Amino acid sequence: MDNKKHSQTKKQQFWLMKTEPSCYAIDDLKREKVGMWDGVRNYQARNMLRDDMRVGDRVLFYHSNIEPVGIVGIAEVVREAYPDPTQFDVKNEHYDAISTKENPRWVAVDVKFVKKFIIPCTLASLKNDSFFNDMVVTQKGMRLSVQPVLKKHYERIITRHAS
DNA sequence: GCCAACGTTGGC
DNA sequence: GCCAACGTTGGC
């Protein structure tokens with residue numbers, strides 16, 4: 001059905017994940033060390049979390065709705081997809097009345113804090129560099145809260161901001 | 001199953 | 001606060 005059994009041998013992948021810092025910021029993850037990435041309510045993003053994201057994958061941590069918007073640090077996937085508890089919590093803003101425990105619609109992953117950039121990698125700087133022209137975030141914006149990232153893009157960003 | 005209308009998102 | 005882009009909804 002899926003290839004979870006092969007996850008250990010799969011190559012490391014790279015992602016970009018969006019959050020509004022007023023809701024959950026890189027400093028929150030830094031303090032908690034490991035954070036639950038919950039509240040994703042978009043099917044495309046859900047499918048990537050559920051089907052593709054593996055332990056050991058690296059995540060570019062992106063802040064939206066703040067000046068400046070951009071990547072502010074790095075995280076690492078430490079637990080693969082499991083049912084997102086917020087979908088069952090009536091008091092949670094992400095509560096989903098349709099979802100059942102037998103057949104949950106939404107998943108969460110756990111990520112671990114790796115690094116906070118001293119200087120954020122702003123969206124504007126990515127748009128200004130043609131090397132990043134084929135990045136999802138420079139093309140389609142941040143409508144997709146979980147995006148795959150090419151290794152070359154990840155490495156260039158790391159080289160510039162995390163050394 | 002198409003697609004127009006509608007709501008939401010998020011950069012600016 | 002504006003508005004373009006996108007996802008979702010619902011009538012047919």
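The basis for the numbers below is simple: all heavy atoms, side chains too, and nothing from hydrogens, waters or symmetry mates. Predicted, not measured: the structure shown is a model, and the values here were computed from it. Residue numbering restarts at 1 for every chain, and letters A, B, ... go by the order of the sequence lines.
For A:Asn42, counting side-chain heavy atoms from C-beta on, the closest listed nucleotide (B:dC12, C:dC6, C:dG7) is C:dG7.
Distance, A:Arg41 CZ to B:dG10 C1': 19 Å, rounded to whole Å. The NZ atom of A:Lys127 sits 13 Å away from the P atom of B:dG10 (whole-angstrom rounding). Taking atom CD of A:Gln139 as the reference point, atom P of B:dG10 lies 17 Å away to the nearest angstrom. Regarding A:Arg143, its CZ atom lies at a distance of 7 Å from the P atom of C:dG7, rounded to whole Å. If you measure from atom CD of A:Glu67 to atom C1' of B:dG11, you get 9 Å, rounded to the nearest angstrom. The distance from atom CG of A:Leu16 to atom P of B:dG11 is 11 Å, rounded to the nearest whole Å. In this entry the distance linking CD of A:Glu20 with P of B:dG11 reads 9 Å, nearest Å. One interatomic measurement links the two molecules: CG of A:Leu123 to C1' of B:dT9, which rounds to 14 Å at whole-angstrom precision.
Contact annotation: A:Lys18 reaches the phosphate of B:dG10 (side-chain N/O to OP1 or OP2, under 4.0 Å). Under 4.0 angstrom from either OP1 or OP2 of C:dC6 there lies no side-chain N or O belonging to A:Tyr43.
Side-chain contact between A:Gln44 and A:Leu144 is present, with heavy atoms from C-beta onward closer than 4.5 Å.
Under the 4.5 angstrom side-chain criterion for Ile, Leu, Val, Met, Phe, Trp and Tyr, the cluster partners of A:Leu16 are A:Phe14, A:Leu60, A:Tyr62, A:Val69, A:Ile71, A:Ile74, A:Val114, A:Phe117, A:Leu123, A:Leu126, A:Phe131, A:Phe132, A:Met135, A:Val137, A:Met142, A:Val149, A:Tyr154, A:Ile157, A:Ile158.
Note: A:Trp106 and A:Tyr43 meet the aromatic proximity criterion, with ring centroids under 6.0 Å apart.
Side chains of A:Thr86 and A:Arg41: a donor on one and an acceptor on the other come within 3.5 Å.
Residue-level contact check: A:Gln44 touches the backbone only, with heavy atoms under 4.0 Å from sugar-phosphate atoms and none from bases.
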